[in-house]
Number of protein chains: 2
Amino acid sequence: MTEAMSRPTLEAVAARAGVSRATVSRVVNGGNGVRSALAERVRRAVEELGYVPNQAARTLVTRRNDAVAVVIAEPETRVFTDPFFARQLRGISKELTAHDNQLVLLLTEGRDDHARVGRYLAGGHVDGALVFSLHLDDPLPGLIQGAGVPTVFGGRPGWGEGARARPPAAVFVDSDNRGGARDAVRHLVDLGRTRIAHITGALDQTSAVDRLDGYRDVMADAGPRLIAEGDFTPLGGERAMRELLDHAPDLDAVFAANDLTASGALRVLREHGRRVPEDVAVIGFDDMSPIAEQTDPPLTTIRQDIEEMGRLMARLLLHRLDRHATGDTVEPPPTSVVLPTTLVRRASA
Amino acid sequence: MTEAMSRPTLEAVAARAGVSRATVSRVVNGGNGVRSALAERVRRAVEELGYVPNQAARTLVTRRNDAVAVVIAEPETRVFTDPFFARQLRGISKELTAHDNQLVLLLTEGRDDHARVGRYLAGGHVDGALVFSLHLDDPLPGLIQGAGVPTVFGGRPGWGEGARARPPAAVFVDSDNRGGARDAVRHLVDLGRTRIAHITGALDQTSAVDRLDGYRDVMADAGPRLIAEGDFTPLGGERAMRELLDHAPDLDAVFAANDLTASGALRVLREHGRRVPEDVAVIGFDDMSPIAEQTDPPLTTIRQDIEEMGRLMARLLLHRLDRHATGDTVEPPPTSVVLPTTLVRRASA
DNA sequence: GTGAAAGCGCTAACAA
DNA sequence: TTGTTAGCGCTTTCAC
């Protein structure tokens, strides 16, 4: 005898309870309109047989999965290393499980993965998708669009004018990157700094572009000498900081695209004997604990509530799915959300 | 018009290609035994219609999902914080995607979650499960057993003699906790230490118990004064270290149940003016980078290859699933694996 | 309130 | 090689 003697079916339960399959189905799904005596008998049969509905069969007819995919377009290395994702996933997970939905985590590293993920989504495994960390040239939105799966994006998707498949109304949750960046730079200006440099994030992501724009809003006349390209990592921050010190040795402040970048910049500044904040004021973005608190000196930064972003993404998606189910009420235009940021003052600026 | 005008079915493709559903099915599933001219026509129809097989329907008949659940019995807080899980998940993910299987991550925090996870597994969403971080009183193994899902455990499951539902042959992957612990303590002995204390891990997990046993193997005559209970966290390490200094101020070495614990212990030792390793030698377990390297002083520890454990778990499970599918060949007794550990010397001992 | 019957979209014998 | 025919286990009209 092999291990998997097949699980009991509705049929079996019905037989045992002496009722029809339809009745069992009703009881299993809430039991409305079933006389309580019968319902009780059915429930006992379910219990005794250890019956659990076969999801594939159920999904086949209801077209519901009660499962949502979270797609992250980054190597696992980063996903499980960068606290950013952890925080966001926590928010999502909380909201999802609160509504009895499963979270299915899909990581994509390369081309092959994209195809696999596309198939998975199109295959109807999930009712919706939460997608983040998109890059400009990413084929994922197209695939998802093609799969026809309701989706909410984390961060404003970066479909340029040239993009083929710009969804008419992509819903996303983002924080106010541009406004936050403006606040950061203005803070440096208020501190009396005049030669304020910027280390960008990975410019194939909208968050990096928006922060750069915010910087430019305030420093309209800043020359290219004061801008160096980073990639959201400490190493990128180090490299960019060195470049800046080379091209603009007289700088007196740096706005780094995120805290990780700032931490790299701080290291290089220390290495070069520049005191922070006396010689050079430094400000980051994210307020990612414990990074921001543990730098030397502790980092002044722009805070965004990452967990809340995750929660919100999930909430928007679930809401959309429910609407969808309700049927013929007119679909309200899905609304994206941009969350505010706040300045957190510590010692570095 | 609502957004989801239903996706094309096999039927539609068949009609368009002017063949039967069966033929389309054959082409879609590898196309063996279909004349290539026909196959080509079918493929074109698939392409034109953007056909993607409905997984629920397919699963319903094949009973395969090509998906594997990873169940972690810890709050997300720890999952995405403790590098341990990240490492293990990376190994699992690599192996799974290499074999075109989806990884479905299930996190369980409380009672309700257990029920939900049980339903999910029993519902046949996945072909198998990878489960770790089990605690002694955990209802999960019972649920999984009940769900009849092939499973591989990470870490030896701790079914005591009293446990109700001990699976006859649970497959697990573990590292040699007891042997590693012996090596750690012997190393301290070799260093000439005689009053060697131990801070345990969470004793409701077998890894903690095994490491304690390893300690006792070498320090058979150690009094209870030299043993303090921790919980695998830095804070637990601090608390336990204080307790030890209280009860056994003359100790000259500490074997901590993991690196996180050791880092807490180091902090307290420093606080109390004990020099490491001169006054007190300290050794950890895991060799978790970057923790082990970044403590002050860098930590001597017992290394286990966590990513490899993950990879191995996945491999064992997939192997099992294949066997299963093959049908009537006699099921080989599933074999658990215990991986060796190695001593990594740094400055703390 | 309850049951009979018709599929959901697919695969897998079995025939042709 | 290809088509025909049964289902997989469930929900859901529609009668009763």
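By convention in this document, chain letters (A, B, ...) are assigned in the order of the sequence lines, proteins followed by strands, and residues within each chain are numbered from 1.
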Give a yes or no on whether the backbone of [Y] and the side-chain of [X] come within a donor-acceptor separation of less than 3.5 Å.
{"X": "A/Asp127", "Y": "A/Val68", "answer": "no"}
{"X": "B/Thr97", "Y": "B/Ser93", "answer": "yes"}
{"X": "B/Thr59", "Y": "B/Ala56", "answer": "no"}

Checklist entry - Of B/Ala57 and A/Arg26, whose nearest nucleotide on DNA chain C comes first from the 5' end? => result A/Arg26

Next on the checklist: For A/Arg35 and A/Arg21, find the nucleotide of DNA chain C closest to each by heavy atoms; which residue's nucleotide sits nearer the 5' end?
Outcome noted: A/Arg35

Next on the checklist: Is B/Arg63 close enough to D/dG9 that one of its side-chain N or O atoms is under 4.0 Å from OP1 or OP2 there?
Outcome noted: yes

Checklist entry - D/dG3 phosphate, OP1 or OP2: any side-chain N/O from B/Thr23 under 4.0 angstrom? => result yes

Can you tell me the distance, in whole Å, between the [atom1] atom of [X] and the [atom2] atom of [N]?
{"X": "B/Asn54", "N": "D/dC8", "atom1": "CG", "atom2": "P", "answer": "18 Å"}
{"X": "A/Arg64", "N": "D/dC10", "atom1": "CZ", "atom2": "P", "answer": "18 Å"}
{"X": "B/Glu40", "N": "D/dT2", "atom1": "CD", "atom2": "P", "answer": "13 Å"}
{"X": "A/Arg7", "N": "D/dC10", "atom1": "CZ", "atom2": "C1'", "answer": "15 Å"}
{"X": "A/Asn32", "N": "D/dT13", "atom1": "CG", "atom2": "P", "answer": "15 Å"}

Item to check | B/Ser36 or A/Val52, whichever maps to the more 5' nucleotide of DNA chain D | outcome: B/Ser36

Item to check | Which residue lies more 5' along DNA chain D, comparing B/Ser20 with B/Leu60 via nearest heavy atoms | outcome: B/Ser20

Next on the checklist: Rounded to the nearest 0.5 Å, what separates atom OG1 in B/Thr9 from atom CG in B/Leu49?
Outcome noted: 9.0 Å

Checklist entry - Mind checking whether B/Val126 and B/Tyr120 have side chains closer than 4.5 Å, heavy atoms only? => result yes

Next on the checklist: Of the listed nucleotides (D/dC10, D/dT5, D/dT12), which one gets closest to any side-chain atom of A/Leu10?
Outcome noted: D/dC10

Item to check | Check: A/Asn29/A/Arg58 side-chain N/O donor and acceptor closer than 3.5 Å | outcome: yes

Next on the checklist: Check this for me, if you would: do B/Glu308 and B/Arg311 make a salt bridge, where the nitrogen-to-carboxylate-oxygen distance has to be below 4.0 angstrom?
Outcome noted: yes

Checklist outcome for this item: chain B reaches DNA chain C, atoms under 4.0 Å from its heavy atoms, from C/dG9 to C/dA13

